[in-house]
A.B. asks: 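Got a structure for you, written out below as C-alpha cells; questions coming shortly.
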Amino acid sequence: MKTRKLLALLLVLLMVLPALVACGGGTPDPTPAPATPAPAETAPQEEAPEEPEASYLPHDESVEIRWPNIIDVDRTVHANRPFRIAYANWNDENSVAIIVRDSVVEAAQFYGLEVVVMDNRQDPLQAMTNAQTAIQMEVDFYLNFNQDESINAAIAELLEENGIPMISLQTMARIGVDPAYHVNNPEIGYICGEMLVEEAQLRWPDTPEEEIILFIAGHPEAGVNFIQRAEGVIDAVTSRMPNVRVVEISTDGSPETTRQRTADFLTAHPHGRILMWCHIDQNTMGMLAAVRAADREADVIITSFGANPVIFHELLDPDSAVIGTVAQFSERFGWDILPMLIRHLNDGTPIPLTTMPPMAIITGENLEHYFPQ
C-alpha cells in the first residue's frame, strides 16, 4: 500500500516539473539565446511646409513706366484676383483722351487686371450704351470719361442697380455720391491768366490796359469744367488788369474752328496787344496758325492747357507766341486711379469722393524735366 502511494506521488511530480520549468522556475539555461537588438532611434521626420498660395496677383514689372518724373507707381497694392474693369474713353480721336486711355491700359497690365476699353465718342447716347454693355459683361468696376454730368448721373444709377461701382473722370456724376477724379478747373484757368499778366507786364510795360484785349477760346457747350477754366482765366487777368476788354469765342472742340474764329477776330482787330487763352493744346495750335497767318505774333501772348506733345515744339521756340501750358499730367491718370479701385474691390476700402492730380506750369525751361524724351 505504501509502495503504491509513493509511486503515485512520484508520477505527479514528474508531470508538474516541466510546467514549473516553463514558467521560469528551475535552473536558468547557461547559454541564453542572443538578444534581438532594439531598433535604432531616428529623429522624427518634419514634413516640408506647403508653399502658401499667393493671396494677390504679382506686379508685371515688364511694363515700361514711360514718364517716371510724372507717374507715381504704388507698389504696395496688389489685386486679390484679376478683376475685370471697363474703361469708357471720352473720344478715341482726342489726343488727351488717348493718353489717358493708354495710362489705364498700362496700369491694368501692371496690376494684373483685365480691362475692356470702350469709346464714348463724346456722345451721351453712346456713353449710356457702353455702360449697358459693361453690365452685360459683368465687369467689377466702371471708369467713365464723359463730359455730360446728367448722363454720368444716369449711368451711375444704372451701374449701382447692378452692383457695379464707378469712378467718373474729369466730369462729376452724382455730386456727393459718386467718386470723381478730376483736375482743379478754376485753378487751371487762374494759373494761365496769371502767366498772361506777368508776361504782358514784361513785354508791354507802357501799353495802357484799355488797349489790351483778353481773347478767350473756350468750349462752354462741353460742360461746367470748360466754363470754370475760362472763368478762372478771366478772374486772374481782370483782378490785376481790370480795364482790359474780354472777348470770348467757342472752339466747338475743333482746331479748325478755333483757327477760323481766331482769324475772324484778328481781321476785326488789326491793331493792339492781345492776351489769348485756349482750353486745350490741340486747339491752341489752330489759334497759333491764325496768328501767324496774320503776322501778329509780336502782338500776341498765348497760354494753354494740357501739356500735350503737339505744343512742345512751340514751348522750346523763344520766338513763339505760346509761353506756357498747364499740365494735368494725363499720363498718370490710370496709375492714380487703379490702386484706389483695387483696394475697394479687395476689401471695400472707400474711394474718396474727389481726387485731383497734381498740376504744373510747363515752359521751355522745365519741359525737359517732365518730358525728357
A.B. asks: How about Asn308 and Ile99: do any of their side-chain heavy atoms sit closer than 4.5 Å?
C.D. replies: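 Contact flag for Asn308/Ile99 side chains = yes.
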
A.B. asks: Between the side chains of Arg245 and Glu209, is the shortest nitrogen-to-carboxylate-oxygen separation below 4.0 Å, so that they form an ion pair?
C.D. replies: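 Salt bridge absent between Glu209 and Arg245.
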
A.B. asks: Could you walk me through whether Asp119 and Asn89 pass the side-chain hydrogen bond (donor to acceptor under 3.5 Å, both in side chains) test, one step at a time?
C.D. replies: CA-CA 5 Å; Asp119 185 1; Asn89 199 24; 5.4 Å; no

A.B. asks: Considering only NZ, NE, NH1 and NH2 on the basic side and carboxylate oxygens on the acidic side, decide whether Arg81 and Asp140 come within less than 4.0 Å.
C.D. replies: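 A salt bridge is present here (some side-chain N lies under 4.0 Å from a carboxylate O).
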
A.B. asks: Indicate whether the side chain of His313 and that of Asp317 have a donor and an acceptor atom separated by less than 3.5 Å.
C.D. replies: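 Side chains of His313 and Asp317: no pair found under 3.5 Å.
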
A.B. asks: Salt bridge check, Arg101 against Glu331: does any charged N sit closer than 4.0 Å to a carboxylate O?
C.D. replies: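 Here Glu331 does not pair with Arg101 in a salt bridge, since their nearest N and O are not under 4.0 Å apart.
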
A.B. asks: Using the six-membered ring wherever Trp is involved, compare the ring planes of His78 and Tyr56 and label them parallel, tilted or perpendicular (cut-offs 30° and 60°).
C.D. replies: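 It falls in the tilted class, 30° to 60°.
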
A.B. asks: Is there a continuous path of hydrophobic side-chain contacts, each under 4.5 Å between heavy atoms, that joins Leu275 to Ile234?
C.D. replies: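 Both belong to a single hydrophobic cluster.
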
A.B. asks: Assess, by modelled atom type and distance only, whether the side chains of Asn185 and Asn225 contain a donor and an acceptor separated by less than 3.5 Å.
C.D. replies: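 Yes, side-chain donor-acceptor contact under 3.5 Å.
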
A.B. asks: Taking only distance into account, with no hydrogens and no angle test, what donor-acceptor pairs under 3.5 Å do side-chain atoms of residues 189-207 form with protein atoms, sequence neighbours excluded?
C.D. replies:
from	atom 1	to	atom 2	distance (Å)
Glu199	OE2	Arg203	NE	2.8

A.B. asks: Run the side-chain hydrogen bond (donor to acceptor under 3.5 Å, both in side chains) test against Gln170 and tell me which residues pass, sequence neighbours left out.
C.D. replies: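 Listed in chain order: Gln328.
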
A.B. asks: Check the pair Thr76, Arg343 against side-chain hydrogen bond (donor to acceptor under 3.5 Å, both in side chains), reporting the backbone distance first and the verdict last.
C.D. replies: CA-CA 10 Å; Thr76 67; Arg343 288 189 177 96; 3.2 Å; yes

A.B. asks: Step through it carefully: locate the ring centre of His279, locate the ring centre of Phe305, and say whether they are under 6.0 Å apart.
C.D. replies: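 Distance test on ring centres: not under 6.0 Å, no.
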
A.B. asks: Just checking, any donor-acceptor pair under 3.5 angstrom between side chains of Ser168 and Asp178?
C.D. replies: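 Looking only at side-chain atoms, Asp178 and Ser168 do not form any donor-acceptor pair under 3.5 Å.
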
A.B. asks: Do Val104 and Val116 share a hydrophobic cluster (ILVMFWY, side-chain heavy atoms under 4.5 Å, transitive)?
C.D. replies: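 Each belongs to a different hydrophobic cluster.
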
A.B. asks: Would you please say whether a donor-acceptor pair under 3.5 Å links the side chains of His182 and Thr171?
C.D. replies: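 There is no such pair between these side chains.
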
A.B. asks: In terms of the angle between their ring planes, are Phe226 and His219 parallel, tilted or perpendicular, with boundaries placed at 30° and 60°?
C.D. replies: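 Taking His219 first and then Phe226, their aromatic rings stand perpendicular (interplane angle over 60°).
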
A.B. asks: Is Arg66 salt-bridged to Glu106, cutoff N-O under 4.0 Å?
C.D. replies: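 Between Glu106 and Arg66 there is a salt bridge, with a charged N closer than 4.0 Å to a carboxylate O.
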
A.B. asks: Going by side-chain hydrogen bond (donor to acceptor under 3.5 Å, both in side chains), name the residues that satisfy it together with Arg261, two or more places apart in sequence or in a different chain.
C.D. replies: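 Arg261: side-chain hydrogen bond (donor to acceptor under 3.5 Å, both in side chains) contacts with Asp252.
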
A.B. asks: Does atom CD (Glu93) have a neighbourhood of more than 12 heavy atoms from anything else shown, all under 6.0 Å?
C.D. replies: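 It does not: Glu93 CD has 12 such atoms or fewer within range.
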
A.B. asks: Does a side chain donor of either Asn120 or Asn91 reach within less than 3.5 Å of an acceptor in the other side chain?
C.D. replies: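 Asn120 vs Asn91: no donor-acceptor pair found between side chains.
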
A.B. asks: Can Trp67 be reached from Leu316 by stepping across I, L, V, M, F, W or Y side chains whose heavy atoms are under 4.5 Å apart?
C.D. replies: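 The answer is yes; both residues are in one hydrophobic cluster.
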
A.B. asks: For Asn69, does the CG atom sit with more than 12 other heavy atoms under 6.0 Å from it, leaving out its own atoms?
C.D. replies: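 More than 12 heavy atoms, drawn from other residues, nucleotides or ligands, come within 6.0 Å of this atom.
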
A.B. asks: Around atom CD of Glu138, are there more than 12 heavy atoms of other residues, nucleotides or ligands at under 6.0 Å?
C.D. replies: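 It does not: Glu138 CD has 12 such atoms or fewer within range.
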
A.B. asks: Is the shortest distance from a Lys or Arg side-chain nitrogen in Arg229 or Glu187 to a carboxylate oxygen in the other one below 4.0 Å?
C.D. replies: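 Looking at Glu187 together with Arg229, the answer is no, because their closest N to O distance does not fall below 4.0 Å.
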
A.B. asks: Check step by step if side-chain hydrogen bond (donor to acceptor under 3.5 Å, both in side chains) holds for Glu365 and Thr363.
C.D. replies: CA-CA 5 Å; Glu365 286 72 28; Thr363 66; 3.0 Å; yes

